[in-house]
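When a ligand or atom number is given, it counts from 1 through the structure's own listing order. When reading the values below, keep in mind they use all heavy atoms of this one structure, side chains included, and skip hydrogens, waters and symmetry mates.
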Amino acid sequence: MNVHAAALAKAPRFDGRTSAFASDVIDGLAQRPKRLSPKYFYDAAGSELFEQITLLPEYYPTRTEVGILRDRGAEIAKLVPQGAALVEFGAGATTKVRLLLDSCKFGAYVPVDISGDFLHAQAHALAADFPELDIYPVTADFTAPFALPAAVKAMPKVGFFPGSTLGNFEPHEASNFLRSAREILGEGAQMIIGVDLEKDERVLHDAYNDAAGVTARFNLNVLVRINAELGGNFDLSAFAHRAIYNRERHRIEMHLISRKAQTVRILGRSFAFRAGESIHTESSYKYSLERFTALAQGSGWTPIASWTDVDGMFSVHALVAEP
Ligand code: AVI
C-alpha cells in the first residue's frame, strides 16, 4: 500500500460546499451581466462530459499537450531534480501525470483536489501501476493555501498544473494562483504548467462549439445541477449554449442564452431573464508566449524552458521559484 491515507484522513471536511454553491449562484444571477463560476461545472456528470470533450476532434488542447509531454519527457527529466515531490494542482484523468512519472524520477506524488472520493480513486489506480511511488493525496481547494504532507517537506518540489486550467482564471486570479503555488511549494521549487495559446479564431470557435454538442451539454449541466441541488426550475430547452471569442480580452467566453423572456425560481427567489439575455459561465483565456512569460515573472516565477507543438497550438512551460 503506497497511498498514504493519513493525508486524506487529516484533510478538512468541506461542510459548507452546498451553501457556498447556493450563495454564489444567487449572487451571480443577481449581477448584470448574470454570471456563474466555471468551477460549478464539475460535478460527476460535468466531469464525465469534460472527459468526453477532451476526446472531441475539435478540442485540440488535451491531445496536443499530451503530445508535448510525451515528446519532451526526456528534456523535462533533465530539468527536474531526482527524488522531488510532484505536487499536482487539481486531479483529473491521470494520463498526463503518468507521462511525467514515466519520464522523471520522482520521490513522491501529491495530488491535490477538492473532491476527496475522486482523488482517492485516482490515487489507487495510479498506485497499481507505480508500486514504488509514495502517493500522498491532499483534499483541499488548490486555489487557497494548503499544507503539504509532512513526509514530503524535505524533498525538492515540482508543481504540475496541466490542461490550461490557468486559462479559466481571470488574469488577477491567475497571478494570485501562481503566487500562492510559489508560497506552498517554496523557494527553489519548479513548476510544469500547460497554457493554451492564441490562434486562428475559427479553430477556437469550433473547439468550444463542437458539432456533436458535447460542450453545449457541459455548459447546460450547471443548470441541471442548480435544479438538482438547489431546487431550481430552469427549463433546459429554454437556454442555448453559445461560445464566442473576445478578441480584446484574448478569451473564449461561454454563455447560456435565454431563448425567451422567462422567470426562474431558485431557493425561493425569482430571477427574470429577457429574451436573448446571457449567463456568462466561463472564460478560457488564451496566452501568447510573451504574455504568459510576463504573467509568470510578475507572479514570482522565472521561466527556464518552454515547449510548443509544431503548429504552435499549445505550450508547456518549466518555471522556477528563484529566491
Ligand atoms: C478545463 N478548461 C481548461 C477547459 C477549457 O478549455 O477552458 C474547460 C472547457 N470549457 C469548454 N470546453 C472545455
Residue pairs, two or more places apart or on separate chains, that pass salt bridge (Lys or Arg N to Asp or Glu O under 4.0 Å) and touch residues 120-130 = R98-D129
Assign the ring pair Y40 / F21 to parallel, tilted or perpendicular, where the plane angle (0 to 90°) is split at 30° and 60°.
-> tilted
Can you pull every nitrogen or oxygen pair between ligand 1 and the protein closer than 3.5 angstrom?
from     : atom 1 : to   : atom 2 : distance (Å)
ligand 1 : 2 (N)  : N168 : OD1    : 2.8
ligand 1 : 6 (O)  : Y59  : OH     : 2.5
ligand 1 : 6 (O)  : Y208 : OH     : 2.5
ligand 1 : 7 (O)  : N168 : ND2    : 2.9
ligand 1 : 7 (O)  : S284 : OG     : 2.6
ligand 1 : 10 (N) : E282 : OE1    : 2.8
ligand 1 : 10 (N) : E282 : OE2    : 3.3

Is the number of heavy atoms from other residues, nucleotides or ligands within 6.0 Å of CZ (R242) greater than 12?
-> no
Heavy-atom donor-acceptor pair, E198 side chain to H250 backbone, under 3.5 Å = no
One should read off an interatomic distance between N176 CG and T143 OG1, to the nearest 0.5 angstrom, of 9.5 Å
Under 4.5 Å between side-chain heavy atoms, hopping through other hydrophobics if needed: is there a path connecting F41 to I257?
-> no
